[in-house]
S.K.: 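Dropping a structure here in structure tokens format, bear with me for questions.
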Amino acid sequence: YIVNWCPRCGTAVSDLEVAHEERAGKLWYIRYPFENGSGYVTVATTRPETMLGDTAVAVNPSDERYRAAVGRQLVLPLLKRVIPIVADDFVDPTFGTGAVKVTPAHDPNDFAIASRHNLPQLKVLDEEARMTEAAGPYQGLDRYKAREQVLGDLRAAGLLEKEDDYALNVGICSRCKTVVEPILSKQWFMKMQPLAQPAIRAVEEGRIRIVPENYRKIYLDWMYNIHDWCISRQLWWGHRIPVWTCRQCGEVMVSEESPGTCSKCAGGSLHPETDVLDTWFSSALWPFATLGWPEDTDDLRRYYPTDLMIMGFDILFFWGARMIMMGLKFTDDVPFRELYIHALVRDAERQKMSKTKGNVIDPLEVTEQYGTDAVRFALAISAAPGTDIAFSYDKIESYRNFANKIWNASRFIVMNLQKLAPEVRNRVSAATEAASKDGFEPLPTDPTLALADQWMFSRLATITKEMEEAFADYRFHEASYKVYHFFWHEFCDWYLEWIKPEITRTLGPEDSCNAWANLLLVFESSLHLLHPFMPFITEELWHRLPNRGDEVSISITPFALVSEQAANSSAESDFENIRSLVVAVRNAKAEVGLQKEKVSARAASEDAAILSLFNTHRQTILMLAGLEALEVTSGRLEAGIHVTSAFEFQLIYEKQVDHDAERSRLTKEREKLEAAISRVKKQLGNRNFLDRAPEDVVRKTENHRTDLETQFQKVVESLERLG
RNA sequence: GGGCGGUUAGCUCAGUUGGUUAGAGCGUCUGCCUUACAAGCAGAAGGUCAUCCGUUCGAGCCGGAUACCGCCCACCA
């Protein structure tokens, strides 16, 4: 049979191990004269040296041009061998000259043609890709050297009609990149069709789930079109193929131990097979062979099938598919229930990393430079299912910065904790311990801090839940993004800033320690959420928390510490109101170039709840927004900036209000609102929308319109007041 | 030749069943060395979601076509 032969490795390789590469080549047109001397047939070939092994020329039976020639004899140039013209459907009349040389020993198609027409097979290339004795005068030449000589001789004989440039796909050995040679050889094959059937069913019936989904199709496609597998290798390592051949009668015996004598003729001279199995054959046995199979061991019962197998898509066929087939064959069960295909890390140019290309990035160097956690996090957050990861130092650097941020946050917390008087610290850690029984919830604190605590715990509960869902679906990029944003932009930027005055002040014995306890609970919970992505830094920081110094490891503690009961939508919306006021003030200050100035502001609302909210949190707002004073008044403002439809504010500073600038700002805002309102109105005016859209969408849209219109009204009034 | 994926901000990419104003990191610009963090803080600018057609009350998302780009599979000399 024809196999792919790697002349460098000196072994057969399977179809899967052959990579294809487009190379510039030529198509040579060679004349094969008729035996009787009258004329010739021109064949086109990309491999002229193999003509030495030609045993026929084939044409399509329906090809008018050659109909009369079928059955006639040609003289093979150079070697003067007489070969027939045969008709075979395989030949594409539109390609080349419509006539193809048949080299049964060095081309799988030609091999097929030859077997259909009973043509001899003549091996002209040996296992080192040198010309054999059958090649006559060319014996011993390397295949490429032979090509040149053959071409030269043909040209000299006037039989080379022409040559065209042609891009051809050459097969190369995936291990050593040598161009493989299709060669006639005796090898062991595995019949795959019967093995594939159950493997197809297992996936179709959902006994194995492939994630992401698109790989399921790729897997099934490959299984449907499976080819027999050449499993023998002429290598010196590997599992030996357990076969003995009788030297007397040729009987082939498969056995675990040497049979000793021939089972057929009882002869004592047996020849053990020297070929070994393809390494992937052995790998396919791994899931059960490692557990003691074929014995019915405890391990096998306990760990087979396993829940989850993870691999890169590049070995889905090599290993994944074959484990499934072998597993089903030998254990009657799937080897694993889920197969997760992870992303491949490619270089910055999206090239697959390879040693020969020299674009390999050594992970040890990168982790040395940026830290293991940074690399791990960068990869996790880049791992959107079904896509590869382009390696980027910038990206890793930004998550190194994140690790740094975590470190600093911890430093800040622990540092201030150390400053507490020992008895106060003890009360804090006691409060922390007491809270941690069935999921953390905020401990009671004074009203200003309570809002921050309730908001933070609520957010924590949401993030925890979202992360758990993301993990369950192998959406690691989503889980890591959530915790990144949570920790940096909610915990650090808002929560820590909000409670900073509390944790930097000196507590007396009469003070409640609950604010401190809450901070520690949130921080500890955050470390737990971060731990899967940043195991080292979280482990280190966790042990610095009160009562955690002597514990074994954060990795064996629960992932979710916060209680679901902590979800608190009213705290979230109160917090949002304050946040939007703070952001709007900062914004306004920057706009008028007073970023570093301490200015005053006046906030107004017609909503008593808002007014009371702002009054309660006045100190916090002043600190976060960088204000000197905040006046909270009921009603309307003359030149207010509308943050939401519920409230507005204005900055109060020395500089006179520039009426023109103010007018132009308001006019711009009015235009924006007008556009938004007209969009919403159009939508709400659409009968179809009202009839067909879900109720809650319609209601939301209506609320949105009311909101916009209120804002619009206020802007218009402000403009009128400006005159 | 068949199949799959991609095309979203200057760059690298998210965007899970269609639903208010499309997000992040890096870069750029402005102001800050504010006693956790300048590897940082507070702001800003920047997008006709490749193009066209369709489905829908409504499309970055669903369907079809086109154009580039990438990958996998394949026995066209």
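What you are looking at is a predicted structure, and each value in this text was computed from that prediction instead of being measured. Scope of the values below: all heavy atoms of this structure, side chains included, with no hydrogens, waters or symmetry mates. Per chain, numbering begins at 1; letters A, B, ... match sequence-line order.
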S.K.: Go through B:C4, B:A44, B:C37 for me and flag the one nearest to the A:Asn408 side chain.
M.R.: B:C37
S.K.: Applying side chain to side chain donor-acceptor pair (under 3.5 Å), run through A:Ser392 and A:Asp394 and close with a yes or a no.
M.R.: CA-CA 5 Å; A:Ser392 129; A:Asp394 278 356; 5.3 Å; no
S.K.: Can you see if the side chain of A:Tyr166 gets near the phosphate of B:A77 - specifically, an N or O under 4.0 Å from OP1 or OP2?
M.R.: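 A:Tyr166 to B:A77 OP1/OP2: side-chain N or O found under 4.0 Å.
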S.K.: Assess the side chains of A:Thr50 and A:Lys101: does a donor N or O sit below 3.5 Å from an acceptor N or O?
M.R.: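 The answer is yes; a qualifying pair exists.
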S.K.: For a quick test of reading the model: is some side-chain N or O of A:Trp488 closer than 4.0 Å to OP1 or OP2 of B:C41?
M.R.: yes
S.K.: Are A:Lys596 and B:C32 close enough that a side-chain N or O sits under 4.0 Å from OP1 or OP2?
M.R.: yes
S.K.: Between B:A36 and A:Glu497, counting only base atoms on the nucleotide and side-chain atoms on the residue, is there a donor-acceptor pair under 3.5 Å?
M.R.: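 Check passes, donor-acceptor contact within cut-off.
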S.K.: Under 4.0 Å: is that the gap between some side-chain N or O of A:Lys217 and OP1 or OP2 of B:C4?
M.R.: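 Yes.
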S.K.: Can you identify which nucleotide, out of B:U16, B:G25, B:C13, has its nearest atom closest to the A:Ala390 side chain?
M.R.: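 So the nucleotide nearest the side chain must be B:C13.
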S.K.: With respect to the phosphate group of B:A36, does any side-chain polar atom (N or O) of A:Lys500 fall under 4.0 Å of OP1 or OP2?
M.R.: yes
S.K.: Check whether A:Trp229 forms a cation-pi arrangement with A:Arg322 (NZ or CZ under 6.0 Å from the six-membered ring centre, at most 45° off the ring normal).
M.R.: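 The answer is yes, since A:Arg322 meets both limits relative to A:Trp229.
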S.K.: Could you write out RNA chain B as dot-bracket? Rules: Watson-Crick or G-U wobble, both distances under 3.5 Å, brackets [ ] for crossings, | for pairs with another strand, dot for unpaired.
M.R.: (((((((..((((.....[...)))).(((((.......))))).....(((((..]....))))))))))))....
S.K.: Mapping A:Thr701 and A:Ala384 onto RNA chain B by nearest heavy atom, which one lands closer to the 5' end?
M.R.: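 Result: A:Ala384.
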S.K.: Does a side-chain N or O from A:Asn401 land closer than 4.0 Å to OP1 or OP2 of B:G40, or not?
M.R.: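 Yes, because at least one side-chain N or O of A:Asn401 sits under 4.0 Å from OP1 or OP2 of B:G40.
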S.K.: Can you tell me how far P of B:A36 sits from CG of A:Leu417, to the nearest Å?
M.R.: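 It is 15 Å, rounded to the nearest whole Å.
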S.K.: Compare the minimum distances between each of B:U16, B:A36, B:C26 and the side chain of A:Arg475, then state the nucleotide with the smallest one.
M.R.: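 My answer, after comparing the listed nucleotides, is B:U16.
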S.K.: Take atom P in B:G2 and the same atom in B:G60, then report the distance between them in whole Å.
M.R.: 32 Å
S.K.: May I ask you to establish whether A:Lys500 and A:Phe412 are in a cation-pi arrangement, using a distance under 6.0 Å from NZ or CZ to the six-membered ring centre and at most 45° from the ring axis?
M.R.: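 Yes, a cation-pi geometry holds between A:Lys500 and A:Phe412.
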S.K.: With a non-hydrogen cut-off below 4.0 angstrom, is A:Pro182 in contact with a base, only sugar-phosphate, or nothing?
M.R.: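 A:Pro182: no heavy atom of the nucleic acid under 4.0 Å.
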S.K.: Go through the steps to decide whether A:Leu545 and A:Ile413 satisfy the test side chain to side chain contact (heavy atoms under 4.5 Å, CB included), and finish with yes or no.
M.R.: CA-CA 9 Å; A:Leu545 292 175; A:Ile413 294 166; 5.5 Å; no
S.K.: If you only use heavy atoms from C-beta on, which nucleotide in B:A36, B:G15, B:G25 is closest to the side chain of A:Met415?
M.R.: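 Per side-chain heavy atoms of A:Met415, the pick is B:A36.
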S.K.: Ignoring backbone atoms, test whether A:Asn169 places a side-chain nitrogen or oxygen under 4.0 Å from the OP1 or OP2 oxygen of B:A74.
M.R.: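 No, no such contact exists.
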S.K.: Looking at the side chain of A:Ala44, which of B:A77, B:A39, B:G43 is the nearest nucleotide?
M.R.: B:A77
S.K.: Please measure how far the P atom in B:C49 lies from the corresponding atom in B:U7, and state the result in whole Å.
M.R.: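 Here B:C49 and B:U7 have their P atoms 13 Å from each other.
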S.K.: Does a side-chain N or O from A:Arg47 land closer than 4.0 Å to OP1 or OP2 of B:C76, or not?
M.R.: no
S.K.: Is A:Lys419 reaching over with its side chain to a backbone N or O of A:Thr506, donor-acceptor style, under 3.5 angstrom?
M.R.: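 Not a single qualifying donor-acceptor pair exists.
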S.K.: Could you tell me how far B:G70 sits from B:U8 if I compare only their P atoms? Round to whole Å.
M.R.: 15 Å
S.K.: Could you work out the separation of B:A9 and B:C61 based on their P atoms and round it to a whole Å?
M.R.: 15 Å
S.K.: Taking the six-membered ring for Trp, are A:Phe533 and A:Phe476 ring centroids under 6.0 Å apart?
M.R.: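 Ring centroids of A:Phe533 and A:Phe476 are no less than 6.0 Å from each other.
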S.K.: From the options B:C37, B:G31, B:G19, select the nucleotide whose nearest atom is closest to the side chain of A:Gln595.
M.R.: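 Closest of the options to the side chain of A:Gln595: B:G31.
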S.K.: Quick one about A:Ser14 and A:Glu17 (side-chain donor to acceptor, distance below 3.5 Å, no hydrogens or angles considered), yes or no?
M.R.: yes
S.K.: Does A:His704 make a side-chain N or O approach to OP1 or OP2 of B:G19 shorter than 4.0 Å?
M.R.: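 So the side-chain polar atoms of A:His704 never come under 4.0 Å of the phosphate oxygens OP1 or OP2 of B:G19.
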S.K.: Using the P atom as the point on both nucleotides, what is the distance between B:G3 and B:G63, in whole Å?
M.R.: 16 Å
S.K.: Check this one for me: any side-chain N or O of A:Arg586 less than 4.0 Å away from OP1 or OP2 of B:G43?
M.R.: yes
S.K.: Could you check how far CG of A:Asp110 sits from P of B:C76, rounded to whole Å?
M.R.: 12 Å
S.K.: Indicate the atoms forming the closest heavy-atom contact of A:Asn169 with A:His20, along with that distance.
M.R.: OD1-CB, 4.1 Å
S.K.: When the C1' atoms of B:U20 and B:C29 are compared, how many Å lie between them, rounded to an integer?
M.R.: 30 Å
S.K.: Please measure how far the P atom in B:C11 lies from the corresponding atom in B:U56, and state the result in whole Å.
M.R.: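 It works out to 37 Å between them.
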S.K.: By nearest atom, which of the nucleotides B:A36, B:G43, B:G19 is closest to the A:Pro694 side chain?
M.R.: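 Looking only at heavy atoms from C-beta outward on A:Pro694, the closest nucleotide is B:G19.
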S.K.: Could you say whether A:Asp493 or A:Tyr399 is positioned toward the 5' end of RNA chain B, judged by the nucleotide with the nearest heavy atom to each?
M.R.: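 That would be A:Tyr399.
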S.K.: Using the ring centroid of each side chain, check whether A:Tyr399 and A:Tyr484 are separated by less than 6.0 Å.
M.R.: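 Under 6.0 Å, so yes.
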S.K.: What integer distance in Å separates A:Glu597:CD from B:U34:P?
M.R.: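 After rounding, the gap between these two atoms is 16 Å.
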S.K.: If the C1' atom of B:G10 is compared with that of B:U66, how far apart are they to the nearest Å?
M.R.: 28 Å
S.K.: Return the nearest nucleotide to the side chain of A:Thr46; candidates are B:G25, B:A77, B:A36.
M.R.: B:A77
S.K.: If you only use heavy atoms from C-beta on, which nucleotide in B:U16, B:G43, B:A77 is closest to the side chain of A:Phe95?
M.R.: B:A77
S.K.: Quickly work out the A:Trp498 CH2 to B:U34 C1' distance and round it to whole Å.
M.R.: 19 Å
S.K.: Looking at B:C75, B:C4, B:C41, which one has an atom nearest to any side-chain atom of A:Asn214?
M.R.: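 Looking only at side-chain atoms, A:Asn214 lies closest to B:C4.
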S.K.: To the nearest Å, how far apart are A:Phe313 CZ and B:C71 C1'?
M.R.: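 These atoms are roughly 7 Å apart.
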